[in-house]
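Every value quoted in this text rests on a predicted model; they were computed, and no experiment measured them. FYI, the numbering just counts along the sequence from 1.
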Amino acid sequence: MQYQYPSWSVFLFKRFDFISDFRRDDEELKLSFGRSNYIMPISKLPRDIDITKGVFWTDITLEANEQRFTFRILNRHLPDQFKNVYREHVTDWYREKADKIRPKLLKLYEEVRVFLLPTQYIRTSTFKEFMKDKQDIKLNIAWMYEFCSDDDSETLKKLQKFFEDPFHSFEKANERFIEVERKRYESVISSLNESQQKACIINDDTNIVLAGAGTGKTKTLEVRTNYLIQSGRYEPKEILLIAFGNDAKEELIARVGKPNKVQAVTFHGFGRAIVEGKLGRKVYPDEIAKDEKKLRKFVDDEVQRLLNEDDQFVDLTITYFDDFLFPYKNPFEFESLGEYYEYIKTNEIRAFSTDTVRSYEEVNIANFLYRNGIKFDYERLYPGDISKSGFPDYHPDFYLPEYDIYIEHFGVNEDLIAPKYMKPERYKAGIFKKRQIHDDNGTDLIETFSYMQSQGTLLKHLKEELIKRNVVFKPIPKDEYLDDLKELGAIRKLAELAANAIKLTRTMNHNVETLRASLEASGNMSLLAAVDVLAPLLNHYESYLEDQGTVDFNTMINDAIGIIKSPNFDCPYKVIMVDEYQDMSGPRADILMALQERDPELVIYGVGDDRQAIFRFTGADLSLTYDFFKEFGAGKKESLDETYRFNDKVNKVATRFITENELQNKKEFKATPVNDARVHIVKTSEKEQEETINAVIDWIGENYGACSILLLNRYLYKKPSYLSELKRNCKTKGIKLDFNTCHASKGKEADFVIMMDMEKGKNGFPSEKISHPLIEFLLPKLESFKYAEERRLFYVALTRTKERVFILSNEENCSEFVKEIRKYGKKYIDESTIEPSLLALNVTDELCPKCDTGRIVKRGKGGFFSTCSNDPQCDYTINYCKRCAGPRKRVGEVYVCMDETCKTKTPACPNCDGDLRPTSGKNGPYWGCYKGWQNCKGSQNWSIYIDDPDVFLEE
């Protein structure tokens, strides 16, 4: 097509910017104006042009390839005609193009339509394969609609919408399929709620269903299995159900397996079957693999034998205890002095000499001196002049009486900065004051520092300083030292550690060589001493199994992985469903991945609850749930959203508590609404727990009658000795009472839950015990959120109830978890239903000003003095007047009552600042410290002024 101009005008056009030529080829427009020629792709041109008419000529504006051109045309050459010709050129091009590609697009639409028909659940892999040759299609076909019939236009609009977000259309297709299936198999799945039905029908390559406490996950597995068979998707022999424990397996067999003729196994059983299939014979797990107590005895016997018969093992053990007698944690990792004290108490860090030592590093020093036969006094009163220091008294950490040497250990870094909770500036000033005291008095002082412990040079430095001063080292004999270790319980703990390490080493598919290599690769060389002790015990364990011709469970799993990867293995299953998926460990996941690698069509389906992941200590790795699709490939996630166990008030408390950890599933669950708070905090003390539990049982009996109660404790060894008495009380009321640990309670339920021993410390919940670094190395990576797994365990305990939870808070050492949920308010937390015990009333809400975490506790028959609940680590004491119980102030050697009507004076202990009381000795009466039972030797002469000694005799 061409626009014609008169021949006489060519010269004029070339001299000025007038169009001289205008024509179209198949894909381009060619323009000539002035002395320029332009070729423009039609696909880049607008459908129309702008014209601006003048007196003699018209300006034409055209934009192409992001460039703007303005041409001129004489008015006599009919600019409107030019515009129409341009429009016709471009429109014809679009029409020709539309006619050419319309059939292809309509065919593509038909492919998409058929693919998205709800005749089956579309897997992610199927969707990706369908999109494989269409990934680069980005339709921009709105221009085509004017060249199509109405029906074709509607079709193309649908196609364009699909390619704007193909994944959305894929998901919508699956939603439509689920709705069709819900109606088609209503008789099969009608017993489930909507979220359960969806979880039942999804069938992607990989599937994870997050099922909260009481949401019916086993019921969903049961119905899903029936649905897969009834719908003809799979035969029973193609479906496998896997549980983690025998109890869960037996429940699956009873509820799912037998009715549907589907196999249900544990992971260990599955591994065993694969190994037996390969070997063509039975394999038998050894008794020590099945019974933890037998394994522990097996290891304990071997430790004792080696200590008695193998001098090399004795030396390795002694070297090991030099570094790992107690679990070490840097003082700078704590947030308060009280938290540090809790670490010392909880992990039972104590000296061979039985002295109550205040820090890990001081225990190290005390034990070093003890082992080398160097006598010492701990915190003995300094006899020299301290008047210039401003100290009321001074007790250096260690005094060596045979050498007149003092040792001060300072809890500071290399810049002499103490942790924040130790008031760093004041602490640093104290260091210089103490140095000055020794300089002024000419006494010999050895200084040690916390940073030396972190660097591993503390005892080396101390030894060098003692040698300089000619201190004689007289190490106690090895046998005597081992006896001390036994007395301290260290040998027992070593055997316990070794048994645990053997299990985990096997679970994580390690041996001595690979464990050493992993430690060296990680730079964790200090743990090699622990592996040196573990090596002969692990080798003995493996030799024993070989001699017996038996195996352990972990071997069966690890051996099965290799067999699955071998060329001749054939997996008969098309769907594998895993119960309690949150408990998955690395080797178990490896089994599934190996099966998936052999058969890409295999469907992996996990049901679990990340909020109830409480078995990291067995090797369970929660990241396998969080990163499910990263591990197994893309698939579908669903959640069960309605709990049938507990009410909304329990639900709110449990959900708020667990979701403090941002990584936990944030899903909100529906629960039956109730009007009153259903989580009760009951103030008590350890001594009064039996009485308090009975009070709770009585209240339940009076208000509810016959029911069931689950009594829970964080620790099995804290199972109450009076349990039979509690059961008798319950029986008279028609109540069924069972005891469980919080771990063992998972999967169970009762009308009421009583959680006992909610406290901090050695028996605390959350547990503050530090795992051995070798165990931590073997286990999956610890989560960064504080007490993450302990929080989940508390969540499990809370969610066992149907009606109410009673939390027995030992107030002197109140649990951090109790403190936290107290803040939720009276709408959810009730503290008035059960009266506090008598001793609990002595615990105030006032925090100790010295350690920040302890609570002030009134002591004595009349509450005439108070101490910190972290006593004896924290020595903060408030002594009240023995006459009027009023506040007092220390003046010199006595306390003076601040009440103007009383003003009673009482003598103060020069050692601990506590009270002195009338005491009789061989030399007559004197003032002795009330804390004599804590080995405080503080005393004063009887001549110290007191208004009335009889005040003390009442005590």
Salt-bridge present ([X], [Y]; N to O < 4.0 Å):
{"X": "Arg791", "Y": "Glu820", "result": "yes"}
{"X": "Asp648", "Y": "Lys652", "result": "no"}
{"X": "Lys786", "Y": "Glu816", "result": "no"}
{"X": "Glu638", "Y": "Lys198", "result": "no"}
{"X": "Lys493", "Y": "Glu496", "result": "no"}
{"X": "Asp698", "Y": "Lys733", "result": "yes"}
{"X": "Lys649", "Y": "Asp676", "result": "no"}
{"X": "Arg616", "Y": "Glu789", "result": "no"}

Look up atom [atom1] in [X] and atom [atom2] in [Y], then write down how far apart they are to the nearest 0.5 Å.
{"X": "Glu803", "Y": "Ile700", "atom1": "CD", "atom2": "CD1", "answer": "10.0 Å"}
{"X": "Leu798", "Y": "Arg678", "atom1": "CG", "atom2": "CZ", "answer": "15.0 Å"}
{"X": "Thr799", "Y": "Gln612", "atom1": "OG1", "atom2": "CD", "answer": "5.0 Å"}
{"X": "Ile856", "Y": "Glu812", "atom1": "CD1", "atom2": "CD", "answer": "11.5 Å"}
{"X": "Asp579", "Y": "Thr266", "atom1": "CG", "atom2": "OG1", "answer": "12.5 Å"}
{"X": "Ile557", "Y": "Thr507", "atom1": "CD1", "atom2": "OG1", "answer": "7.5 Å"}

Just by modelled atom types, is the [Y] backbone N or O under 3.5 Å from a matching donor or acceptor in the [X] side chain?
{"X": "Gln196", "Y": "Thr220", "value": "no"}
{"X": "Thr741", "Y": "Ala744", "value": "yes"}
{"X": "Asp300", "Y": "Arg296", "value": "no"}
{"X": "Gln197", "Y": "Ile189", "value": "yes"}
{"X": "Ser708", "Y": "Ala750", "value": "no"}
{"X": "Arg714", "Y": "Gly764", "value": "no"}
{"X": "Thr801", "Y": "Arg804", "value": "yes"}
{"X": "Asp610", "Y": "Asn665", "value": "yes"}
{"X": "Asn260", "Y": "Val256", "value": "yes"}
{"X": "Glu688", "Y": "Leu839", "value": "yes"}

Got more than 12 heavy atoms from elsewhere within 6.0 Å of [atom1], [X]?
{"X": "Lys802", "atom1": "NZ", "value": "yes"}
{"X": "Lys827", "atom1": "NZ", "value": "no"}
{"X": "Glu660", "atom1": "CD", "value": "yes"}
{"X": "Asp247", "atom1": "CG", "value": "no"}
{"X": "Lys637", "atom1": "NZ", "value": "no"}
{"X": "Glu725", "atom1": "CD", "value": "yes"}
{"X": "Lys666", "atom1": "NZ", "value": "yes"}

Residue from Leu808, Ile829, Asp830, Ile807 passing side-chain contact (heavy atoms from CB on, under 4.5 Å) with His680: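 With His680 as partner, Leu808, Ile829, Asp830, Ile807 yield a single side-chain contact (heavy atoms from CB on, under 4.5 Å), made by Asp830.
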Summary of salt bridge (charged side-chain N to carboxylate O under 4.0 Å, His left out) pairs that have at least one residue in residues 249-258, sequence neighbours excluded: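 Matches after skipping sequence neighbours: Glu222-Arg255, Glu251-Arg255.
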I need the minimum non-hydrogen distance between [X] and [Y], along with the two atoms involved.
{"X": "Thr643", "Y": "Ala213", "answer": "OG1-O, 2.9 Å"}
{"X": "Cys742", "Y": "Ala797", "answer": "SG-CB, 4.0 Å"}
{"X": "Ala671", "Y": "Asn647", "answer": "CB-C, 3.7 Å"}
{"X": "Ala620", "Y": "Pro780", "answer": "O-CG, 3.4 Å"}
{"X": "Thr692", "Y": "Ser837", "answer": "OG1-CB, 4.2 Å"}
{"X": "Ser809", "Y": "Val818", "answer": "OG-CG1, 3.8 Å"}

Within the 3.5 Å criterion, strictly below it, is a donor on [X] or [Y] matched to an acceptor on the partner's side chain?
{"X": "Ser195", "Y": "Asn193", "value": "yes"}
{"X": "Glu580", "Y": "Gln582", "value": "yes"}
{"X": "Asn729", "Y": "Asn694", "value": "yes"}
{"X": "Asp757", "Y": "Tyr715", "value": "no"}

Counterpart residues, side chain to side chain donor-acceptor pair (under 3.5 Å), relative to Tyr824 (two or more places apart):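 For Tyr824, no residue satisfies side chain to side chain donor-acceptor pair (under 3.5 Å) once neighbours in sequence are set aside.
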By side chain to side chain donor-acceptor pair (under 3.5 Å) - contacts of Tyr227 (at least two apart):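 For Tyr227 the side chain to side chain donor-acceptor pair (under 3.5 Å) partners, ignoring immediate neighbours, are Glu181.
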Side-chain heavy atoms of Met756 within contact of Leu712, under 4.5 Å: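 Answer no - side chains too far apart.
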pair Thr684-Asn810: side-chain heavy atoms closer than 4.5 Å: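 Thr684 vs Asn810: side chains touch.
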Ring pair (Phe, Tyr, Trp, His ring centres under 6.0 Å) partners of [X], counting only residues at least two apart:
{"X": "Phe244", "result": "Phe267"}
{"X": "Tyr828", "result": "none"}
{"X": "Phe794", "result": "Phe657, Phe765, Phe817"}

Face-on cation placement of Lys760 at Tyr787 ring, 6.0 Å and 45° thresholds: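 Pair Lys760/Tyr787 does not count as cation-pi.
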Geometric cation-pi criterion Arg224 and Tyr605, 6.0 Å radius, 45° cone: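 Yes, a cation-pi geometry.
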Ring geometry between Phe628 and Tyr581 (parallel below 30°, tilted from 30 to 60°, perpendicular above 60°):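 Ring orientation of Tyr581 relative to Phe628: perpendicular.
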Passing candidate, salt bridge (charged side-chain N to carboxylate O under 4.0 Å, His left out) with Glu811, options Lys858, Arg822, Lys819: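 Of all the options given, the one that passes is Arg822.
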